[in-house]
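In what follows, chains are A, B, ... by sequence order, proteins preceding strands, each numbered from 1. Computed over heavy atoms, backbone and side chain alike; hydrogens, waters and symmetry mates excluded.
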Amino acid sequence: MSKDIRIKKGLNINLVGAAEQNTSKAVLSNVYALNLDDFHGITPKLLLKEGSEVKAGEPIFYNKNIEEMQFVSPVSGEIVEVIRGARRRILTIKILADKEQGFHVSKTLDLDSVDAETVRKTLLQSGCWPFIKQRPYDIIANPDATPKAIFVSAHATAPLAANVDYALKGKEAELQAAITALGKLTPGKIHVSVGDTSSSIFAAVNGVTLHKVSGPHPSGLVGTQINKIDPINKGEMVWTISPQDLVIMGEFLLTGKFNAERVVALAGSAVKSPKYYTTKIGAEISTFLYASGVNDEKFRLINGDVLTGHKTAPDGHLGFYNNTVTAIPEGDDYEFFGWNKPVFNKISSTRALTFSWLNKNKKYDLDTNTNGEHRAFVVTGKYEEVFPLDIYPLQLLKACMVKDLDEMEQLGLYEVAPEDFSLTEFICISKQPHQQIIREGLDLMYQEIG
Amino acid sequence: MKEKLHQLKLKYQGKKMAPAFNALHTFLYTPNETTHSGGHVRAVDDLKRTMNTVILALVPCLLFGIFNAGYQHYSAINGFPTDFSVMEHFITWDNFWLGAITVLPLVIVSYGVGLLIEFIFAVIKGHEVEEGYLVTGMLVPLIIPVDTPLWMLAVAVAFGVIIGKEVFGGTGMNILNPALTIRAFLFFAYPTWMSGDKVWVHGAKEGMTQAGSTDAISGETILGYLAQGNASEFSYSLSDMFFGFIPGSVGETSTFLILLGGLFLIFSKIASWRIMVSAVLGSLAMGLIFNGVVDAGWIPDYSKFYGLMQFDFWKHLIVGGLAFGIVYMATDPVTGSQTNKGKWVYGFLIGFISVMIRVFNPGYPEGVFLAILLMNVFAPTIDHYVVQGNVRKRMKRLKNATIFPKPSDGKAEELKAETV
């Protein structure tokens, strides 16, 4: 039974520099890297040392707490460097790519007859498992649990995010394989949400429950969709996976090869000609950034979209989960009487001498300035205007700040991920770090209860 | 200039006086701070802009208050003009000058004392100077009688800022509205000054005499007349009440300008329209109840409450400080209810209780500030029940939870039994 989801509360952040629907192949990167920050909460244990040769799809490290969960190399080559931080924590693993790519080939499964246990084992060994995330806690899914449902959002509403329909073109077979396999792992449904006007290729995929989503951001966030379709209760588990990762998983299931290639949108006002590139997980961003050119001297490069991405640099590497790279101007400059002048060129959720309400479709060139200093929570009732989940955002944030586990649970922390608070963070008048507060709350909860 | 200040900022960084310097610096320039966690872009609104908008909405009330202070003073001495015209009798240089020298010192003392304390606390505690006092400092001179001695005001502001706000942790943490705490302190610490019929018009206290008579001038408010059962004695017309040519606290008299300010705050989405609307409804409801009691003949006309109870229910909104309180004080987001549903209850009760206290208060015929302070205390309780509604919904859902056993253990069923 599919359900149409209409979101009213929210805010579309229209930025200049949307990627043009035109894909180029990025120059091959010399060095690829896995950034361990992408795998939140994982304690890595290396399987291979610096200097070892790996093939694409060959395990490099595993999760110390769940040993069968392996993480694989996106390319074949030599592990040239393992960068460690404080207390020898591994930060980044760098791989120098071979000219000729060799794959670590696994046996393919007969997807129609295979049982759940085999699928689970295969995915864990293949390195595809980390694509699956779980809620509660927004971490890599625990393979020991059975989810009540799996959610896929094929509708991107985040500012400048890659268009899902465009990026998935021609990948029906891969998607079908991945969906069939995942279907074995849950007795529940696989919910896929698509935009109400899009002609998504998921319409042709069997084994999914399709939902049509409309309305402003965050209607495309999977957390919003879960809350509207089948909210998470205490003790329940749902899994989420993004469509571009389904493609990699599907290709592995069909061919036995872990092919880390994906279509990435390079967007943002600091990019001269924003467009799509085909590249691989872990590729150096400069390999496609400079092909499009940059406008500014000083810009912020973001692995992901402007609301949820991580800061990186041209010599940084494409994140494990990202299909968007955004570059926007840095805003480290003062503005004379910036707090009381009428403002026309920035987005506002009020009309306090700010005029973004005049034209809802106008595109803005926002920089990274905070437009004000961090303050205590003062204004109320604003977050609710952009927060469609049936949760009290201010109260939940405060519960996380005071580390009140009972209240966090009662107010619905199990249902949210930091990204669900990215819009409230954007409009926050007190400039509070909402995503960080929620992340710390989830971590505390996982540690104490999880 | 920009560069010099930037160098100074770097020099002061980490020093004790940094918050004081930064407060002045960020007043001139929005800081060069960039996002460093979570999202990389932010909306333009900050607390300074929010507070500034409220101040903008207050400026008409302040200007009107200045002229009205002069107008009331000269009218009390020379008698009210018979053929009143705004340009001729109200917006005059004399009125402005007298108003300015009586009202502006109140503004200066309020801001001076309050901001000094804010700066001292910021330096001691090492946090930035928060903007809350910008509005409080403007509200205070508007809600006190024009002849309030400056030293009393200074003491009250110090009390209000320290006990009302800073001990709780500063802006955003206080339980009671600081401006109203200051007003309540004045009222309870100096009751003989703050009530009666002598403080509302400049000069009445010193016993200036009316021209041609030896009677001291009187500056009784409309509510004062009503409370004493002398409803027939005041000669203010309905439009006087609505446009504000009546005695009262400095900024509270002009319902018209307050209405404009309120509409501006609602339009700019700074103040909660829910609180304003429900507070108006609440006061009308209580007024109707009182009118009903009078109509039913349950109260004799010699009762000391009769005067205020028979006052038309809707007129409560255009006399006294009710309108000002509803628009500028009840909507304070920190001390008010924080949930949208809670705001309806909170606002309604403020209106309801304001009129109730106004009628039944034997010493002082005004109740808005007491009603708002009372509801400030109850706002967290209201919110608690609203939020509990959400929690109960979640608990109800939990009964249908589908929890699958983990392959490794069979404890899931027990877990479910335990959580339901």
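Without hydrogens or angle criteria, A:R375 side chain to B:E128 main chain gives no donor-acceptor distance under 3.5 Å. In terms of modelled atom types and a separation under 3.5 Å, the side chain of B:R49 and the main chain of A:K341 share a donor-acceptor contact. With A:R300 contributing its side chain and B:T35 its backbone, the two residues share a donor-acceptor pair below 3.5 Å. Between the B:R394 side chain and the A:L411 main chain, a donor and an acceptor come within less than 3.5 Å of each other. Remark: side-chain polar atoms of A:E425 are paired, donor with acceptor, to backbone N or O of B:G39 under 3.5 angstrom.
Interface check for chain B: of the options A:A352, A:S430, A:P159, the most heavy-atom pairs under 4.5 Å are formed by A:A352. Top candidate by heavy-atom pairs under 4.5 Å with chain B, chosen from A:K431, A:Q436, A:R439, is A:K431. For the options B:Q338, B:Q388, B:R274, heavy-atom pairs under 4.5 Å to chain A are most numerous at B:Q338. Counting heavy-atom pairs under 4.5 Å between each of B:D332, B:N22, B:L5, B:V334 and chain A puts B:V334 at the top. For the set A:N340, A:I427, A:L394, the count of heavy-atom pairs under 4.5 angstrom toward chain B peaks at A:N340. Of the listed residues (A:D333, A:T186, A:I347), the one with the most heavy-atom contacts under 4.5 Å to chain B is A:D333. Ranking B:T50, B:T26, B:D383 against chain A, the residue ahead of the rest is B:T26, based on heavy-atom pairs under 4.5 Å. Between chain B and the options A:G304, A:P231, A:P147, heavy-atom pairs under 4.5 Å are most frequent for A:P231. Of all the listed residues (A:A149, A:S422, A:G331), the one sharing the greatest number of non-hydrogen pairs under 4.5 Å with chain B is A:G331.
Contacts of B:V54 with chain A are absent, with no heavy-atom separation under 4.5 Å from either backbone or side chain. With a 4.5 angstrom heavy-atom cutoff, A:F426 touches chain B via backbone and side-chain atoms both. Heavy-atom distances place the side chain of A:E384, and not its backbone, under 4.5 Å from chain B. Only the side chain of A:Q395 comes within contact range of chain B, with at least one heavy atom under 4.5 Å from a heavy atom of that chain. Both the backbone and the side chain of A:D390 come within less than 4.5 Å of a heavy atom in chain B. If you measure heavy-atom distances from A:H310 to chain B, the contacts under 4.5 Å come from the backbone alone. The contact between B:S268 and chain A is made by backbone and side chain atoms together, counting heavy-atom distances below 4.5 Å.
The environment of NZ in A:K184 is crowded: more than 12 heavy-atom neighbours from other residues, nucleotides or ligands sit within 6.0 Å. Atom NZ of A:K362 is surrounded by more than 12 heavy atoms from other residues, nucleotides or ligands within 6.0 Å. In A:F337, the CZ atom is crowded: over 12 heavy atoms of neighbouring residues, nucleotides or ligands sit closer than 6.0 Å.
Residues B:D45 and A:I429 form a side-chain contact, since some pair of their non-hydrogen atoms from C-beta on lies under 4.5 Å apart. Using a 4.5 Å heavy-atom threshold, the side chains of A:L353 and B:L56 count as touching. Side chains of B:V41 and A:Y364 form no contact here, defined as non-hydrogen atoms less than 4.5 Å apart. Counting heavy atoms from C-beta outward, B:R397 and A:E236 have side chains that stay 4.5 Å or more apart. The shortest distance between side-chain heavy atoms of A:S349 and B:K269 does not fall below 4.5 Å. Looking only at side-chain heavy atoms (C-beta outward), B:H36 and A:K311 stay at 4.5 Å or farther from each other.
One finds the CD atom of A:E385 at 8.0 Å from the CG atom of B:N340 (value rounded to the nearest 0.5 Å). With rounding to the nearest 0.5 angstrom, the CD1 atom of A:I391 is 10.5 Å from the NZ atom of B:K393. The CD1 atom of B:I270 sits 6.5 Å away from the NZ atom of A:K382 when rounded to the nearest 0.5 Å. Between the CG atom in B:N390 and the CG atom in A:L396 there is a gap of 10.0 Å [rounded to 0.5 Å].
Between A:W339 and B:F27, the two ring planes are tilted [angle within 30° to 60°]. Classification of the B:H25-A:Y334 ring pair by plane angle, with boundaries at 30° and 60°, yields tilted.
Contact record, A:T370 with B:T34: CG2-C, 3.7 Å, taken as the closest heavy-atom pair. Residues A:V378 and B:P333 share a closest heavy-atom pair of O-CB, 3.3 Å. The minimum heavy-atom distance linking A:S348 with B:A43 is given by the pair CA-CB, 4.4 Å. Of all heavy-atom pairs spanning B:H40 and A:D305, the tightest one is CD2-O, 4.4 Å. In plain terms, the two heavy atoms of B:P31 and A:E373 that are nearest each other are CG-CG, 3.6 Å.
Judged purely by distance below 3.5 Å, without hydrogens or angles, the side chains of A:N371 and B:R42 never pair a donor atom with an acceptor atom.
Along residues 412-421 of chain A, the residues that come nearer than 4.5 angstrom to chain B, judged on non-hydrogen atoms, are A:G412, A:E415 in order of number. Listed in order of number, the residues of residues 166-176 of chain B that approach chain A to under 4.5 Å between heavy atoms are B:T171, B:G172, B:M173.
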